[in-house]
Amino acid sequence: MGALDFLSDFCTISTPRKKRKPMQTVEIKVKMDCDGCERRVKSVVSSMKGVKSVEVNRKQSRVTVRGHVEPNKVLQRVKSTRKKAELWPYIPYNLVAYPYVAQAYDKKAPAGYVKNVAQALPSPTAPGERFVTLFSDENPNACSIM
């Protein structure tokens, strides 16, 4: 059986399978003014290969694409409509330790969102921060004060 298995493996023609891109959710910030802009962006993105669903929220200027796609290709496709577009720069404010620090807080962000910055931490010498760390469980000298 060993020789026959070897010959059958040797004689079979197999085409290499392409790896499928992982299922992703891509969020893009797009400036849209009217229903026509919304339809144009939705139709351009939904015609891409691998796209499963497209959600457009004009009030937040947000397009959410789900499917087997690459974020940069989706962004380039949206930019081909001559709309100003960028990857979604915001995250929910409850995922950030200090959401109202100058680098993270953005007045233009939708309600409940702040900028996605590398963990924005306040200055350790800030007056409010000194009192918080004074009674922290991570401070080894906290018990000496109480």
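Numbering of residues begins at 1 and proceeds along the displayed sequence.
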Within-4.5 Å side-chain heavy-atom neighbours: Val63 and Val54: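 Touching, per the 4.5 Å side-chain cut-off.
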Apply side-chain hydrogen bond (donor to acceptor under 3.5 Å, both in side chains) to Lys84 and list each qualifying residue two or more places apart in sequence or on a separate chain.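 Lys84 satisfies side-chain hydrogen bond (donor to acceptor under 3.5 Å, both in side chains) with no other residue.
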List in chain and number order the residues that pass side-chain hydrogen bond (donor to acceptor under 3.5 Å, both in side chains) with Lys83, two or more places apart in sequence or in another chain; answer none if no residue qualifies.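 Lys83 satisfies side-chain hydrogen bond (donor to acceptor under 3.5 Å, both in side chains) with no other residue.
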In Å, rounded to the nearest 0.5 Å, how long is the span from NZ of Lys31 to NZ of Lys29?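 So the gap between those two atoms works out to 10.0 Å.
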Find the distance between CD (Glu27) and CG (Asn57) and round it off to the nearest 0.5 Å.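 Rounded to the nearest 0.5 Å, the CD-CG separation comes out at 10.5 Å.
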Any residue meeting side-chain contact (heavy atoms from CB on, under 4.5 Å) with Pro92, in chain and number order, not counting sequence neighbours: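 In terms of side-chain contact (heavy atoms from CB on, under 4.5 Å), with neighbours along the sequence ignored, Pro92 is linked to Asn94, Leu95, Tyr113.
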Do you know which two heavy atoms are closest between Arg62 and Trp88, and how far apart they sit?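 It is CB-CZ3, 3.5 Å.
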Can a salt bridge be assigned to the pair Arg58 and Asp33 using a cut-off of 4.0 Å between side-chain N and carboxylate O?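 Not counted as a salt bridge, because no side-chain N and carboxylate O are separated by less than 4.0 Å.
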Mind listing the side-chain donor-acceptor pairs of residues 38-51 below 3.5 Å, one per line with the distance, residues two or more places apart or on another chain?
| from | atom 1 | to | atom 2 | distance (Å) |
| --- | --- | --- | --- | --- |
| Ser43 | OG | Arg39 | O | 3.2 |
| Ser43 | OG | Arg40 | O | 3.0 |
| Ser46 | OG | Lys42 | O | 2.8 |
| Ser46 | OG | Ser43 | O | 3.3 |
| Ser47 | OG | Ser43 | O | 3.4 |
| Ser47 | OG | Val44 | O | 2.8 |
| Ser47 | OG | Arg77 | NH1 | 3.3 |

Answer with yes or no whether the hydrophobic clustering places Val26 together with Met32; edges join I, L, V, M, F, W, Y residues whose side-chain heavy atoms lie under 4.5 Å apart.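 In one cluster with Val26: Met32, yes.
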N/O donor-acceptor pairs under 3.5 Å from side chains in residues 66-76, not counting sequence neighbours:
| from | atom 1 | to | atom 2 | distance (Å) |
| --- | --- | --- | --- | --- |
| Arg66 | NH1 | Glu55 | OE2 | 2.7 |
| His68 | ND1 | Lys21 | O | 2.7 |

So which residues get pulled into Met23's cluster when ILVMFWY side chains under 4.5 Å apart are joined, directly or through others?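 The other cluster members (ILVMFWY side chains, heavy atoms under 4.5 Å, direct or chained): none.
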